[in-house]
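Right, one structure below, let's go through it.
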Amino acid sequence: MTHQEKALSYAKENKEKFLDNLKEVLEIPSVSTDPAHKDDMLKTAEWLVEKLESLGMENIKIYPTPRHPVVYADWLHAKDAPTVLVYGHYDVQPEDPLDEWITPPFKPTQREASLHARGASDMKGQIVATLSAIESIVKNDDFPSNIKFMLEGEEEIGSPSLADFMESHKELLSADFCLNPDAGMLSADTPTITYALRGLAYAELHVTGPSHDLHSGLFGGAVRNPANTLMKLVGGMKDEDGKITLPGFYDKVRDVDAEERAELAKLPVDEALLREQTGSPALWGEKGYSPVEQIGARPTLDVNGMLSGFTGEGAKTVLPAKAMAKISMRLVPDQTPEEVYEQLRQYVKENAPEGVECEVKALHGGNPSISERDGVGVVAMSDAFEAVWGKAPLFKREGGSIPVVGDMQKILGIESVLTGFGLPDDRIHSPNEKLDLPTWYRGIDALIHFFYNLG
Ligand code: BES
Ligand code: ZN
């Protein structure tokens, strides 16, 4: 048996152990946005340290940041082999609404072929898949490439500390490329490599009017209602053709050329599939672009939540003193969050009526990115997919964001191989997030092939 075959058979024999590892880390509620979970963040970092130690990794260290720590480790003894920097985020999104979960979010539960828990797919499952592949190799062999880890706890809040961390640790993090398994697959039988990510600008729009909530009969009709005003402002941000009306919004948007549009048109994603995945009765988006383009290659603007007035059972005749909307804009190259926040402020300035005050608060953002499709890492991953799935991966643009990818290009000068083993119906960020286990196990095998392909 070759070393590679030994590693694959180790992976086969240790499926239960790998799954137990995953369940263990899924039990820690590492919700980065919630200060109440600060200790859980450190606990998760410590869990990772212990695992990295057990794999024989070296220079393991928890680096504190202003919010949540970064875990670093390396093993650099492979001669004449590239150095791969493994990226992961050990934080998760909040679990709410809790009552919609069939089983508790931090009590990983297996139902049929899926493991249900917050973070199972996004992305503790992907981190544990990578660690499991490495374990399968190092139990029988020296590692075939040099490897470094940078595991952060702030991705789900826009990675606010990571750019500074990379700036101040360029030497430590130097590598030939990054393996980033935080992007998913098109379907269980379609291995996928992502080559573009959208960026993000997340803001709150606050509208305030009267000094306190008013009786809507005694005063209604004579003052401006902040809730009505907010809705009108937000309603005007997108026109009937699905175009965003913020001034200058499209100025920096890079066009997709005809060749790429033809390629995107070949992806196995059509209207019917998207209707099924979203449960939405109809699709709607920017005129002149296909849904795949609307999601992957065009920017958008969406309300993520609203707060105003009375929302309890029954009726209360109140004219609210204030209203707030959380608004996220997904960006494409070469838009930047900073410029887009300015455009939002400008729109509000131009459109806000007298009688209310409006304020835009920028929360967090991330740059969009386009990645190289022919680097050594991408080739090694493609070959690995061929070996396990029996077919070459498809290349897609992703509508979601992973801010570190663009930042790494800029700060560390390295490209990322964006892949992963999550599926579109994993309900990431939603109640009942799950991970498809057969796909996850195939992913572990693919990663074993990937590391040997680098050697
Ligand atoms: N893993 C996701 C992004 C993703 C999902 C990429 C599926 C490819 C396929 C990531 O954890 C995520 O959710 N990112 C946030 C980033 C934001 C908070 C800056 C997002 O896109 O909302
Ligand atoms: Zn996420």
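Each residue takes its place number in the sequence, starting with 1. Order of appearance sets the numbers: ligands from 1, and atoms from 1 within every ligand. Remember, it's a predicted structure, so these values are computed and weren't measured experimentally.
- Ring planes of His37 and Phe106: tilted class, angle from 30 to 60°.
- Counting the atoms of ligand 1 from 1 in the order shown, those under 4.0 Å from a heavy atom of Pro403 are 19 (C).
- For atom 22 (O) of ligand 1, the nearest non-hydrogen atom from the set Gln126, Glu156, Arg330, Gln93 comes from Arg330.
- Considering every non-hydrogen atom in both Ser136 and Phe18, the closest pair reads OG-CZ, 3.5 Å.
- Distances shorter than 4.0 angstrom occur between a heavy atom of Glu398 and an atom of ligand 1.
- On a distance-only criterion, His364 and ligand 1 share no N/O pair closer than 3.5 Å.
- Pairs engaging residues 244-253 under the side-chain hydrogen bond (donor to acceptor under 3.5 Å, both in side chains) rule: Lys252-Glu339 [sequence neighbours left out].
- A salt bridge links Glu260 with Arg397: at least one charged nitrogen is closer than 4.0 Å to a carboxylate oxygen.
- A side-chain donor-acceptor contact under 3.5 Å links Asp182 and His89.
- There is a side-chain donor-acceptor pair under 3.5 Å between Glu154 and Ser161.
- Because its NZ or CZ atom is both nearer than 6.0 Å to the ring centre of Phe395 and within 45° of the ring axis, Arg373 counts as a cation-pi partner of that residue.
- Protein heavy atom closest to atom 19 (C) of ligand 1, with residue, atom name and distance, is Leu200 CD2, 3.5 Å.
- Judged by the 6.0 Å distance and 45° axis criteria, Lys43 is not positioned over the aromatic ring of Trp47.
- A salt bridge does not link Lys238 to Glu286: none of the charged side-chain nitrogens sits closer than 4.0 Å to a carboxylate oxygen.
- Of the protein's non-hydrogen atoms, Ser401 O, 2.8 Å is the one closest to atom 14 (N) of ligand 1.
- Using a 4.0 Å heavy-atom cutoff, Gly184 is listed among the residues neighbouring ligand 1.
- The nearest protein atom to atom 10 (C) of ligand 1, hydrogens excluded, is given as Glu155 OE2, 3.3 Å; this is a heavy-atom distance.
- Counting only heavy atoms of the protein, atom 5 (C) of ligand 1 lies nearest to Ile428 CD1, 3.5 Å.
- Distances from the Zn ion (ligand 2) under 2.8 Å pick out these protein N/O/S atoms: Asp122 OD2, Glu156 OE1, Glu156 OE2, His429 NE2.
- In Arg427, the CZ atom is not crowded: 12 or fewer heavy atoms of neighbouring residues, nucleotides or ligands sit closer than 6.0 Å.
- Ring-plane geometry between Trp389 and Phe385 is classed as perpendicular, the angle between the planes exceeding 60 degrees on a 0 to 90 degree scale with a lower cut at 30.
- Distances between N or O atoms of His89 and those of ligand 1 include at least one value under 3.5 Å.
- Looking only at protein heavy atoms, the nearest one to atom 6 (C) of ligand 1 is Asp182 O, 3.5 Å.
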